Each structure stands twice: as structure tokens, then as C-alpha cells.
Amino acid sequence: MSLLNKIGILMFIVVSVLFFVFARQRNQGIDSSGPKMSIEQEILEVSVNDSEEKLLEGITAWDKKDGDVTDSVVLESLSAFISGSTRLATYA
């Protein structure tokens, strides 16, 4: 085997190892899980005159990377009345 072939193979191995090392390092920094939300009560009774802040009371959110993200929780949607005076709230 010629010297040029040996250098080519060695360069290929070095570049491959560096590629996998940097790819693994980059993937370790990715936050692939979203925040975990919790609510004190499953059913929240509020008046129709209450503000959106009232619907956010008792909700907390925590993220593995960012820590406490409760301040960024928003009321995404409110369903139509399901039965009687019950509505479904979706938070994000």
C-alpha cells in the first residue's frame, strides 16, 4: 500500500471520529423535552366576569433546562360549553 493511500485512510478515520464526537456533543445540548406543567386543582370554578389571570392561578411549569417557566404559561384556548356551565381550558 502506498504512502498516499495510508494518509488518505488515516485522514478519513480522523475526520469520521471528529464528526461523531462533535455530533454527539451538539445533540447533548438539545432540550428535547418540553416543560412539565402542574395544576393545584383539576376543576377550577371561576365567574364569567373573572379575568384570564384567574384561570392561570395555581398553574406552575418547570423545565429541565430553563427551570421555573411559570411566567410564560398562557391560556391557549377555551372550549365552548361542554355540559351545563363546564368548559375545557388548554394551556401552553
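These figures come from a predicted structure and were not determined experimentally.
For CG of L4, the number of neighbouring non-hydrogen atoms (other residues, nucleotides, ligands) closer than 6.0 Å is 12 at most.
Between Y91 and L75, the closest side-chain pair of non-hydrogen atoms falls below 4.5 Å.
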Would you give me the side-chain donor-acceptor pairs under 3.5 Å for residues 34-41, sequence neighbours excluded?
{"residue": "S38", "atom": "OG", "partner": "T60", "partner atom": "OG1", "Å": "2.7"}

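Both V14 and F22 are members of a single hydrophobic cluster when ILVMFWY side chains are connected at heavy-atom separations under 4.5 Å. I59 and L55 fall within the same hydrophobic cluster, where Ile, Leu, Val, Met, Phe, Trp and Tyr residues are linked whenever their side-chain heavy atoms come under 4.5 Å apart, directly or through other members.
Interatomic distance, E57 CD to S51 OG, rounded to the nearest 0.5 Å: 8.0 Å. Note: M11 CE to I13 CD1 = 11.5 Å, rounded to the nearest 0.5 Å.
Nearest heavy-atom pair, E76 versus A92, reported as atom, atom and distance to 0.1 Å: OE2-CB, 3.5 Å. Heavy-atom minimum distance, V74 versus L56: C-CD2, 4.1 Å. Residues A61 and D68 come closest through the heavy atom pair O-OD1, 3.1 Å.
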